[in-house]
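Notes follow the structure.
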Amino acid sequence: MKIIAYSVIDDEIKYFDIISKKYNIEFKLNKYKLDISNVEETKGFDSVVFKARDDISKDVLNKLKSFNIKYISTRAAGFDKIDIEYAKEIGIKVANVPDYSPNSVSEFTILSLLALIRNYNSILINGYNRNYIWTGHIGKEIRNLNIGIIGSGRIGSLIIKHLSGFMPKNIFVYSRSIKNELLDIAKYVSLDEIYSNSDVLIYAIPCNDETKNIICKENIEKMKKGVLIINTSRGELVNNNDLLEYLENNHIAGIALDVYTNEHLYTQKNISNIVLEDNIIEKLMKMPNVILTPHIAFYTDEAVKNMVYISIENILELMKNDTCKNILT
C-alpha cells in the first residue's frame, strides 16, 4: 500500500516510520500542505492523509477522484477546509481524528489561564529586559474567580474537571447539551448569564455559521469590564477589529490566543525580521496583556502520535470495510 502525506512535521516522522513497519505501508512524506498546485503528486497512491489547514476543495477532490483515490483522512479533528458535501457527492470517503488527546488542549488552556491571571507574559518580558520590579504585576487567585466555559464537549469537559481542582467561586457553562457528570462541579447557564457573571471566559467550541465571530462587539459589551478571555479553539471565533478595540479601551483586560484567523502568516515560521500584512496581529504581538501562541495547544507527544496512528488506521479500516468509526462522509 502507498500513502502520501502532507503537512508533515518533524515530530511526526518517527510515528510514520513505526506504522510503516507495522502495516507494511510505503509513505511519501511532504512538509508542505496539499492544495491544487501539488495535488498531481497524489497520482499513483492508494490514499492521502493531510492536516486541518490543507485545502481540500472541489478542484482538489475532483483530481483525487480522477486518480481513483477513494479514501482520505485528516490528522486532525477540524475539517472546515474540506468540502465534505462535495466529497460525499462524488463518492470519496473522508475520516478525521476527533479524539487525539483532549488533555493536551485542556492542560494548555489551564496554563493560559494561570499565565493571564498572574501577568506571566509581562513578567517574562520585563525579565528578559532585566527589569524585576513587582509594581503592576499583582495577580489573582483562581479560587476567587467566576470562570465561564463556552462548550462542554470533550475538551470543554476536561477543562471544567481540571478547573474544579482549583476550587473557583463558580464554574459557569454554556453548551447545547448538558452533561450530567458535570452538574456537581459546574452550573449550566445562558450565554447572557455567562457573559455578565464571568471574570474569565474560555472558549471550547468549533467554528461554524453559528459561532463564527462570537467574540464580537455585541457580545463583548455584555461581558464584565476587565474580563479575561482564552481561545484555544478556532481563530474565526473572534472579530479581530472588535477585539483590538476592546483591548485598547481596557474592557478586555487580557486575552490568550492560541489560534488566530491569519495564523498562517506566523505559525511554524520565524518572523523575527518580518512585518506582517495583518496590522491587527502586529499590534496584538506588542501588547503585554496578550498571550499569543502558534496553534500549539495540541502539541504533545501523545497527541502527535495519536494523530498519525488514528489517521492511518482510519484508511486501513475504510479500505477493508468501506466505512470506519471516524468517517465524516
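Ring pair Y260/Y266 is tilted by interplanar angle, where 30° to 60° counts as tilted.
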**Request:** Begin with the C-alpha distance, continue with both residues' side-chain angles, and end with the deciding distance and a verdict on side-chain hydrogen bond (donor to acceptor under 3.5 Å, both in side chains) for N96 and N326.
**Result:** CA-CA 6 Å; N96 73 334; N326 297 321; 5.7 Å; no
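Remark: K222 engages D192 in a salt bridge, criterion side-chain N to carboxylate O under 4.0 Å. Electrostatic pairing of K33 and D55 does not count as a salt bridge here, judged by no charged N lying under 4.0 Å from a carboxylate O. Here D10 pairs with K31 in a salt bridge; the nearest charged N to carboxylate O distance falls below 4.0 Å. With respect to the salt-bridge test (charged N to carboxylate O, under 4.0 angstrom), the residues E210 and R176 qualify. Salt bridge K305/E12: absent, no basic N to carboxylate O contact under 4.0 Å. Salt bridge annotation for E221-K217: absent, with no cationic side-chain nitrogen under 4.0 angstrom from a carboxylate oxygen. A salt bridge links E40 to K63: at least one charged side-chain nitrogen sits closer than 4.0 Å to a carboxylate oxygen. Contact check on E181 versus K179 returns no salt bridge, with no Lys/Arg side-chain nitrogen under 4.0 Å from an Asp/Glu carboxylate oxygen.
Here the closest heavy-atom approach between residue A253 and residue N289 is recorded as O-ND2, 2.9 Å. For the residue pair H251 and N249, the shortest heavy atom distance occurs at N-OD1, 2.9 Å. H162 and S106 make their closest contact through CE1-OG, 3.3 Å (heavy atoms, listed as atom of the first residue, atom of the second, distance). In plain terms, the two heavy atoms of L318 and A95 that are nearest each other are CD1-CB, 4.2 Å. The shortest heavy-atom contact between L34 and V39 is CD1-CA, 3.9 Å.
The one candidate from L243, V259, T261 that meets the side chain to side chain contact (heavy atoms under 4.5 Å, CB included) condition with V238 is L243.
Atom OG of S311 is separated from atom OH of Y100 by 12.5 Å, given to the nearest 0.5 angstrom. Taken from NZ in K225 to CD1 in I220, the straight-line distance is 12.0 Å, to the nearest 0.5 Å. A distance of 5.0 Å separates CZ of F50 from OG1 of T74, quoted to the nearest 0.5 Å. To the nearest 0.5 angstrom, M1 atom CE is 13.0 Å from F45 atom CZ.
Both tests pass for K58 against the ring of Y86: distance under 6.0 Å to the centre and angle within 45° of the axis.
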